Amino acid sequence: MRDLTVIPTQLLAWYDRHARVLPWRVPAGHGPADPYRVWLSEVMLQQTTVAAVKSYFQRFTSLWPTVHDLAAAEDAQVMAEWAGLGYYARARNLIACARAVSAMGAFPTTREGLAALPGIGPYTSAAIAAIAFDQPETVVDGNVERVVARLFAVQTALPAAKPELVTLATSLTPSQRPGDFAQAMMDLGATICSPRNPACGICPINDDCAARAQGIAADLPRKAPKKPKPLRHGTVWIGFADERVLVETRPEKGLLGGTLAFPSTGWDGSALPPPAPADWQAIGLVRHVFTHFALDLTVMTAWLTAAPERGSLTPLSKFRPTALPGLMRKAWVLARPATTVVPDQQR
DNA sequence: AACACGGGGAC
DNA sequence: GTCCCAGTGTT
């Protein structure tokens with residue numbers, strides 16, 4: 001059996017020299033991490049790239065420096081600030097979690113206690129416990145799965161391989177500096193042990209890597225084939241009246257749940273009528289790709305003369321397109337190009 | 001175990 | 001175009 005204890009030692013030494021500098025990260029030896037900032041960053045980073053999260057994290061921590069500030073915020077403002085980041089259940093759970101933690105007084109310090117909170121699952125609970133509370137929990141995200149699958153040349157395909165990868169990752173986790181070890185594994189996966197072309201030549205643990213020895217690092221982890229995305233169709237209505245536009249808050253459950261939106265049909269065959277009787281005109285088509293389907297959305301506009309049956313008319317002076325999710329921003333750009341297109345700098 | 005759930009960056 | 005990202009909750 002290989003001596004696994006050298007791996008965390010080598011990885012931590014590499015991390016001390018090459019750790020990424022990130023807004024939510026406290027450099028090793030510079031005091032404890034703030035559980036609120038660790039939690040907020042981890043939730044934002046769920047299935048989301050570091051580059052996409054940075055500006056959102058800065059904005060949130062500027063608006064709400066503590067979990068109590070966030071707990072006291074209005075739902076609509078938090079949803080508006082989350083707009084564009086995707087997976088909106090995270091924002092709804094973020095609000096619920098902040099209020100639960102604020103009511104408790106502070107974040108729980110154990111993985112079990114953390115995992116009982118909304119939006120905190122196996123990954124995030126382990127990450128907060130290890131990074132903020134220095135507990136020897138094993139943190140397994142997509143990076144760690146890839147690093148471990150290669151290190152041990154695991155041939156089982158994901159997601160079936162997940163339990164095996166968790167067991168192997170656990171066998172590596174040191175009792176000292178577990179939080180730094182977790183972040184070191186993720187940094188390694190994000191920078192050197194990358195999905196397509198791993199830079200094995202400069203990897204701090206390449207001597208221990210079974211996949212590299214076999215020349216199959218780039219082929220791991222194996223993945224189950226994914227299903228094709230069907231194309232669906234829908235219609236969105238953007239109605240104007242005076243200097244106002246018709247918007248609604250989408251239902252809490254389902255796609256884009258809880259976000260600001262223009263009234264629309266469903267896109268799974270359900271046929272809702274327009275939100276108001278009017279002379280609706282199709283002005284174009286927006287194509288948007290979601291996680292499990294693509295959508296062709298017909299954008300219709302009209303001047304409203306009768307009271308709408310759903311939604312509410314919001315003054316354009318108060319309407320911020322940045323509060324819309326990506327799909328609805330696209331529709332808005334089509335409907336009001338003069339207000340959203342960057343001025344032509346060529347002329 | 002399978003599915004629902006966004007958006008964008010890298011190739 | 002494809003892949004996949006510091007995953008979670010529901011069925």
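Only heavy atoms go into these numbers, but all of them, side chains included; no hydrogens, no water, no symmetry mates. Chain naming here is simple, since letters A, B, ... match the order of the sequence lines and numbering starts at 1 in each. On a predicted model such as this, the values are computed, not experimentally measured, just so you know.
- Taking the six-membered ring where tryptophan is involved, the planes of Trp39(A) and Phe107(A) are tilted, since the angle between them lies from 30° to 60°.
- Look at CE on Met186(A): it is 5 Å from C1' on dA6(C), rounded to the nearest Å.
- Rounded to whole Å, the separation between the C1' atoms of dC5(B) and dC4(C) comes to 15 Å.
- Counting non-hydrogen atoms under 4.0 angstrom, Trp39(A) reaches nothing in the nucleic acid.
- Between Arg146(A) and dC5(C) there is a side-chain polar atom (N or O) within less than 4.0 angstrom of OP1 or OP2.
- Salt-bridge formation is not detected for the pair Arg150(A)/Asp208(A): no Lys NZ or Arg NE/NH1/NH2 atom is positioned less than 4.0 Å from an Asp or Glu carboxylate oxygen.
- Look at the P atom in both dC11(B) and dA6(C): the space between them is 13 Å, to the nearest Å.
- Residue Leu22(A) is in base contact, counting any heavy-atom pair closer than 4.0 Å across all strands shown.
- Here Phe60(A) and Phe57(A) keep their ring centres 6.0 angstrom or further from each other.
- Nucleotides dT10(C) and dG7(B) place their C1' atoms 22 Å apart, quoted to the nearest Å.
- The residues Arg177(A) and Asp16(A) are annotated as salt-bridged, a charged nitrogen and a carboxylate oxygen being separated by less than 4.0 angstrom.
- Donor-acceptor pairing under 3.5 Å, judged by distance alone, is present between the side chain of Tyr87(A) and the base of dG6(B).
- Neither OP1 nor OP2 of dC3(C) sits under 4.0 Å from any side-chain N or O of Lys223(A).
- Residue Gly254(A) is in sugar-phosphate contact alone, with no base atom involved, counting any heavy-atom pair closer than 4.0 Å across all strands shown.
- Of the side-chain N and O atoms in Gln47(A), one or more sit less than 4.0 angstrom from OP1 or OP2 of dG7(C).
- For Gln46(A) and dG9(C), the CD to C1' distance is 11 Å, given to the nearest whole Å.
- Applying the 3.5 Å distance criterion, the base of dT2(C) shares a donor-acceptor pair with the side chain of Arg196(A).
- Base engagement by Leu85(A) is indicated by at least one non-hydrogen atom pair under 4.0 Å involving a base atom.
- Comment: Asp187(A) engages Arg25(A) in a salt bridge, judged by a side-chain N to carboxylate O separation of less than 4.0 angstrom.
- Among the heavy atoms of the strands lying under 4.0 Å from Pro122(A) are primed sugar atoms or P, OP1, OP2 only; no base atom is included.
- Distances shorter than 4.0 Å separate none of the side-chain N or O atoms of His288(A) from OP1 or OP2 on dG6(B).
- In this model, a side-chain donor or acceptor of Thr48(A) finds a partner on the base of dG6(B) within 3.5 Å.
- As rounded to whole Å, 15 Å separates atom C1' of dC5(C) from atom NZ of Lys54(A).
- Rounded to a whole Å, the CG atom of Leu94(A) is 14 Å from the P atom of dT8(C).
- In the interface, the side chain of Thr291(A) is paired with the base of dG6(B) through a donor and an acceptor atom under 3.5 Å apart.
- Regarding Asp141(A), its CG atom lies at a distance of 8 Å from the P atom of dC5(C), rounded to whole Å.
- Place Lys227(A) and Lys330(A) on DNA chain B by their nearest nucleotides, and Lys227(A) ends up nearer the 5' end.
- The side chain of His292(A) contributes no N or O atom lying less than 4.0 Å from OP1 or OP2 of dC3(B).
- As rounded to whole Å, 11 Å separates atom C1' of dG6(B) from atom CZ of Arg329(A).
- Across all strands shown, Thr124(A) has heavy atoms under 4.0 Å from sugar-phosphate atoms exclusively, and none from any base.
- Taking the six-membered ring for Trp and thresholds of 30 and 60 degrees, Phe293(A) and Phe290(A) have ring planes inclined between 30 and 60 degrees apart.
- Between dG8(B) and dT8(C), the two P atoms lie 22 Å apart (nearest whole Å).
- In this structure, Tyr36(A) has its ring center no closer than 6.0 Å to that of Trp64(A).
- For Lys226(A), the side-chain atoms get nearest to dC3(C) when compared with the rest of dG6(B), dC3(C), dA6(C).
- Residue contacts for Gly84(A): at a heavy-atom cut-off of 4.0 Å it reaches the sugar-phosphate backbone alone, with no base atom in range.
- At whole-Å resolution of the value, CG in Leu117(A) and P in dG7(C) are 19 Å apart.
- The distance from atom CZ of Arg90(A) to atom C1' of dG7(B) is 9 Å, rounded to the nearest whole Å.
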